[in-house]
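Below: the structure, in structure tokens.
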Number of protein chains: 2
Amino acid sequence: MPEIHNHSTCVQTALTQAAQLCTERGVQLTTIRQQVLELIWADHHAVKAYDLLERIKPLQAAAKPATIYRALDFLREQGFIHRVESLNAFIGCCDLKTAHEQLLLICKKCENVEERHADLVMQALAQELQKAKFIAHSKAIEIHGLCADCTQ
Amino acid sequence: MPEIHNHSTCVQTALTQAAQLCTERGVQLTTIRQQVLELIWADHHAVKAYDLLERIKPLQAAAKPATIYRALDFLREQGFIHRVESLNAFIGCCDLKTAHEQLLLICKKCENVEERHADLVMQALAQELQKAKFIAHSKAIEIHGLCADCTQ
DNA sequence: AAAGTTATGTTATATTGTAACAATTATTTT
DNA sequence: AAAATAATTGTTACAATATAACATAACTTT
Ligand SMILES: [Zn+2]
Ligand SMILES: [Zn+2]
Ligand SMILES: [Zn+2]
Ligand SMILES: [Zn+2]
């Protein structure tokens, strides 16, 4: 993610596509679910569940942990967000349309999380899995370090 | 990991090498630390911190969460174990001698965790990181699915 | 409208992990 | 060996993350 970009388009795209996919799939993008998705897309940082809980309370006074975790479960099932395993946190998926594996680059300094498709990595990984005769159901590749903007 | 193998050699190798490396490095493989390492090596499953706590209590009656987490911190710093981020759990490292990245294959059925070096994957990943101008400090690649033994 | 399904409210609790300070043990210096 | 220093462990308290279970409400289908 470049340090400066028109982030409102990121958010708009994500919300529009999510709404569209929900319609197509016959599932409900309820108010709570949409609000959580919007809060996750506030920036390109990974967000923790209890931070989301605090942030949604002005909008949903009755919100409890289960409120958030249920919304997160839904958004994950639909592929709208990813869980960052190594942070116990969540980020918006940058490509809702195509199912894909996630390579996450997590910057220690600015805390941005960049999602990349990294086809060559996935290809090499597929070969390695074949060698191991391992049938993959889900893959998480998470790299911690310094992003391009923070190493200049 | 083949379903049937002489596991006592896995454990012996790990403990012997750990003891040797601690001597070389001038750090202490205390009783508690060695016991935790042994408990982790009980099998090739990932172990949770509080399971370790229960299992060490017969040996260390005074054991508390901090007891376990401190030992885990030490063992991780020394590279004797890995944390499985997607499980909040820990496994013994199968190659103490050479520093290396971890590709973990986690079987949903038998729960075995196999660690592979996967040089080709790491090479492709290094290229991708260069493209992204990202300086990696740590890498976690965790694949969930079915292992060779469990797909037959 | 009634029945069935999906989503939310609510309470309680389980799981995972740290902070802080005291006491002890090991190592180094005098 | 004694004293000083550093490393480890004991202990208490609590923070952070996540789920279970059951009641209520809101949508969908018949
Ligand atoms: Zn953006
Ligand atoms: Zn950065
Ligand atoms: Zn073994
Ligand atoms: Zn298996």
Side-chain angles (χ1 to χ4, degrees), chain A residues 18-19 21-37 39-40 45-78 80-91 111 140 142, chain B residues 18-19 21-37 39-40 45-78 80-91 111 140 142:
Chain A
L21 286 168
C22 283
T23 305
E24 283 175 29
R25 293 170 186 170
V27 295
Q28 309 175 44
L29 187 60
T30 61
T31 307
I32 289 180
R33 289 165 177 177
Q34 179 166 333
Q35 285 170 343
V36 170
L37 184 55
L39 288 170
I40 289 175
H45 297 185
V47 198
K48 307 219 142 214
Y50 276 74
D51 288 343
L52 286 171
L53 179 54
E54 289 315 305
R55 291 182 204 167
I56 208 176
K57 272 182 180 166
L59 307 169
Q60 298 286 341
K64 300 274 181 323
T67 314
I68 295 297
Y69 282 103
R70 283 166 179 162
L72 290 172
D73 286 346
F74 172 85
L75 295 171
R76 282 213 284 163
E77 279 162 15
Q78 299 302 322
F80 300 162
I81 63 173
H82 298 298
R83 185 185 149 86
V84 186
E85 303 289 354
S86 52
L87 293 178
N88 295 336
F90 304 84
I91 54 160
E111 297 189 287
E142 302 183 3
Chain B
L21 286 168
C22 283
T23 306
E24 283 174 29
R25 294 170 186 170
V27 296
Q28 308 176 45
L29 188 59
T30 62
T31 306
I32 290 178
R33 289 165 177 175
Q34 180 166 334
Q35 285 171 342
V36 171
L37 185 55
L39 288 171
I40 289 176
H45 296 186
V47 199
K48 307 218 143 218
Y50 277 74
D51 289 342
L52 286 171
L53 180 54
E54 289 316 304
R55 290 181 204 167
I56 208 174
K57 272 181 179 166
L59 308 168
Q60 299 286 341
K64 299 275 181 323
T67 314
I68 295 296
Y69 281 103
R70 283 165 178 161
L72 290 172
D73 286 345
F74 173 85
L75 295 171
R76 281 213 284 163
E77 279 163 15
Q78 299 301 321
F80 300 163
I81 64 173
H82 297 298
R83 185 186 149 86
V84 186
E85 303 290 353
S86 53
L87 293 178
N88 295 337
F90 304 85
I91 55 159
E111 295 189 289
E142 303 182 3

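Lettering of chains follows the sequences in order, A, B, ..., and the numbering in each one begins at 1.
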By side chain to side chain contact (heavy atoms under 4.5 Å, CB included), which residues pair with A/Leu39, not counting sequence neighbours?
A/Leu52, A/Arg55, A/Ile56
In chain order, what residues pass the side chain to side chain contact (heavy atoms under 4.5 Å, CB included) check against A/His45, with sequence neighbours excluded?
A/Asp43, A/Glu111, A/Asn112
Phosphate OP1/OP2 of C/dT8 contacted by A/Lys64 side-chain N/O (<4.0 Å)
no
By side chain to side chain donor-acceptor pair (under 3.5 Å) - contacts of B/Gln34 (at least two apart)
none
Partners of A/Thr30 by side chain to side chain contact (heavy atoms under 4.5 Å, CB included), sequence neighbours excluded?
A/Gln28, A/Ile32, A/Arg33
Of all pairs that satisfy salt bridge (charged side-chain N to carboxylate O under 4.0 Å, His left out), the ones with a partner from residues 56-75 of chain B, not counting sequence neighbours:
B/Glu54-B/Lys57
Give every pair of a protein N or O atom and an N or O atom of nucleotides 24-27 of chain C that lie under 3.5 Å apart, one pair per line with the distance.
none

Any donor-acceptor pair under 3.5 Å joining the side chain of A/Tyr50 to the base of D/dA18?
yes
Considering only D/dA18, C/dA7, C/dT11, which nucleotide approaches the side chain of A/Arg83 most closely?
D/dA18
Using the closest heavy atom to pick a nucleotide of DNA chain D for each, name whichever of B/Ile32 or A/Asp51 lands nearer the 5' end.
B/Ile32
Excluding sequence neighbours, so at least two apart, what forms side chain to side chain donor-acceptor pair (under 3.5 Å) with A/Ser86?
A/Glu142, A/His144
So for the helix from C/dA1-D/dT30 to C/dT30-D/dA1, with five pairs setting each end axis, what is the inter-axis angle to 10°?
30°
DNA chain D-proximal residues of residues 65-77 of chain A, any heavy atom under 4.0 Å
A/Pro65, A/Tyr69, A/Arg70
Pairs in or reaching into residues 81-90 of chain A: which pass salt bridge (charged side-chain N to carboxylate O under 4.0 Å, His left out), with residues at least two apart or in two chains?
A/Arg83-A/Glu85
Quick one: closest heavy-atom pair of B/Cys22 and B/Phe74, and the distance?
SG-CZ, 4.0 Å
